[in-house]
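Not measured: the values here are computed from a predicted model. For reference, positions follow the sequence shown, starting with 1.
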Amino acid sequence: MQLLFLLEQVVNGLVLSGYYILVALGLSLIFSVGGVVNLAHGAFYAIGAYVSFELMKYVGFGGSIIITPVLVGLLGILFERFLLRRFYTADPILGLLVTFSLAMVVEQAIRMIWGSAPLFLSMPASFKGAVILGSFLFSKYQIFILLVVLVLMAGIWLLLNKTPFGRVIRAGVQKPDMVAVLGIRLQPYLTGIVMLGVATAALAGVLFAPIAVVEPAMGTDIMTIAFVVVIIGGLGSFWGVVLAGILVGVVRGVTIYFDSAAGEASMYVLMFLVLMFRPRGLLGKRIERFE
């Protein structure tokens with residue numbers, strides 16, 4: 001019986017992993033190409049949750065899960081065009097400071113518009129209940145989240161590895177000077193990456209709003225975890241983020257089984273241990289920023 005409960009905690013950890021991967025992937029993608037650690041990334045996750053709260057009143061959950069990432073992604077274009085673009089070749093500290101400031105501004109703007117009280121979104125009726133597989137009981141909504149994460153991961157991997165867009169991005173990360181010599185402007189591609197990363201964070205906000213508390217500081221909370229995941233996986237590594245997200249989620253889920261109070265600390269201990277032996281993270285590589 002204890003083994004079954006432990007395995008259920010592992011499954012719960014995998015759901016958390018999907019949550020972390022969605023947000024951390026966008027953060028890692030933006031850093032890979034632009035060389036900026038976007039500390040405002042969690043703010044777009046929070047915006048996604050609050051926008052979905054409003055959209056669900058009119059288009060339901062199905063409509064909000066499609067429309068919200070698109071709207072927030074468009075907001076990401078403005079973010080890249082008028083703010084982030086200024087700091088690609090600047091001192092990295094400046095990028096950290098300005099994105100951190102933006103995150104604080106967004107959090108306070110949310111308080112002004114929606115108030116400080118937490119919001120609770122109802123789970124779609126079609127996803128309520130559970131599915132029994134052998135001796136295990138799985139939430140329908142948890143299965144849905146895992147499927148969405150898997151589809152999105154596959155889509156991003158195919159985009160980056162099997163399309164002309166992805167080939168330019170990979171070349172821009174590895175040899176930005178050569179890409180410039182060929183007459184290819186990286187700027188539009190970077191805008192696309194920022195839009196994709198921001199939309200992915202917003203999608204995470206939509207998916208987890210029904211099973212989490214929607215409140216103004218939620219962006220700051222998830223940003224801390226996403227940053228830990230990216231550091232463990234290695235800045236700029238797609239599969240590093242995926243592997244780190246799974247590790248952090250499962251370790252946290254299993255740790256809660258033995259000691260609920262230690263669940264939060266487990267990911268920081270994991271980060272410390274990884275960096276002791278792999279300072280660049282599990283699959284981290286040296287990244288060149290384009291000029």
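Atom OG of residue S266 and atom CZ of residue R252 lie 6.5 Å apart, to the nearest 0.5 angstrom. Here the CE-CD1 distance, from M56 to I65, works out to 8.0 Å after rounding to the nearest 0.5 Å. Atom CG of L146 is separated from atom OG of S139 by 9.5 Å, given to the nearest 0.5 angstrom. Rounding to the nearest 0.5 angstrom, the gap separating the CZ atom in F79 from the CG atom in L102 is 6.0 Å. L203 CG to L196 CG: the interatomic distance, rounded to the nearest 0.5 Å, is 10.5 Å. Between Y141 atom OH and S126 atom OG the span is 10.0 Å, to the nearest 0.5 Å.
When all heavy atoms of A43 and A103 are compared, the pair lying nearest together is CB-CA, 4.3 Å. In terms of heavy-atom proximity, V206 sits nearest to G48 at CG2-O, 3.8 Å. When all heavy atoms are compared, the tightest approach of I232 to A244 is CG2-CB, 3.7 Å. Nearest approach of A226 to A24, heavy atoms of both residues: O-CB, 3.9 Å. For the pair N161 and R170, the tightest heavy-atom approach, listed with the atom from each and the gap, is CA-NH1, 3.3 Å. Between S64 and V59, the closest heavy-atom pair is N-CG2, 3.6 Å.
If you chain together hydrophobic residues whose side chains sit under 4.5 Å apart, V194 and I77 never meet in one group. V250 is connected to W239 through a chain of hydrophobic side-chain contacts under 4.5 Å among Ile, Leu, Val, Met, Phe, Trp and Tyr, so both are in one cluster. In the hydrophobic cluster analysis, where Ile, Leu, Val, Met, Phe, Trp and Tyr join through side-chain heavy atoms closer than 4.5 angstrom, F277 is grouped apart from V251. The hydrophobic cluster containing Y268 also contains L39, counting ILVMFWY residues as joined when their side-chain heavy atoms lie under 4.5 angstrom apart, directly or transitively. Follow the hydrophobic side-chain contacts under 4.5 Å out from L119 and you reach I113 in the same cluster.
Two residues are said to be in side-chain contact when any heavy atoms from C-beta on lie closer than 4.5 Å; V213 and M218 fail this criterion. Between I156 and F238, the closest side-chain pair of non-hydrogen atoms falls below 4.5 Å. No side-chain heavy atom of T200 sits less than 4.5 Å from a side-chain heavy atom of F44. Two residues are said to be in side-chain contact when any heavy atoms from C-beta on lie closer than 4.5 Å; F208 and I222 fail this criterion. Looking only at side-chain heavy atoms (C-beta outward), Y88 and V36 come within less than 4.5 Å of each other. The shortest distance between side-chain heavy atoms of Q142 and L14 does not fall below 4.5 Å. You'll find the side chain of Y19 stays beyond 4.5 Å of the side chain of I145, heavy atoms only. Counting only heavy atoms from C-beta outward, the side chains of M267 and M271 never approach each other to under 4.5 Å.
In this structure, F165 places its CZ atom where more than 12 heavy-atom neighbours from other residues, nucleotides or ligands lie under 6.0 Å away. Counting non-hydrogen atoms of neighbouring residues, nucleotides and ligands closer than 6.0 angstrom, the NZ atom of K162 reaches no more than 12 such neighbours. Annotation: R86, atom CZ; neighbour count of heavy atoms from other residues, nucleotides and ligands within 6.0 Å does not exceed 12.
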Intermediate values then yes/no, side-chain contact (heavy atoms from CB on, under 4.5 Å), T99 and L84: CA-CA 8 Å; T99 54; L84 206 61; 4.0 Å; yes
Test log, rule side-chain contact (heavy atoms from CB on, under 4.5 Å), inputs M153 and L25: CA-CA 9 Å; M153 282 172 47; L25 263 182; 4.2 Å; yes
I21 and V229: CA distance, side-chain angles, deciding distance, side-chain contact (heavy atoms from CB on, under 4.5 Å) verdict: CA-CA 8 Å; I21 289 169; V229 170; 5.7 Å; no
From CA spacing to verdict: side-chain contact (heavy atoms from CB on, under 4.5 Å), I193, L160: CA-CA 10 Å; I193 283 293; L160 296 177; 4.2 Å; yes
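Under the side chain to side chain contact (heavy atoms under 4.5 Å, CB included) test applied with V198, the options I47, L29, V72 reduce to a single match, V72. Each of L55, T68, V214 was scored for a side chain to side chain contact (heavy atoms under 4.5 Å, CB included) with Y50, with one residue passing: V214.
Note: F61 and F127 have perpendicular aromatic rings, judged against thresholds of 30 and 60 degrees for the angle between ring planes.
Between the H41 side chain and the V23 main chain, a donor and an acceptor come within less than 3.5 Å of each other.
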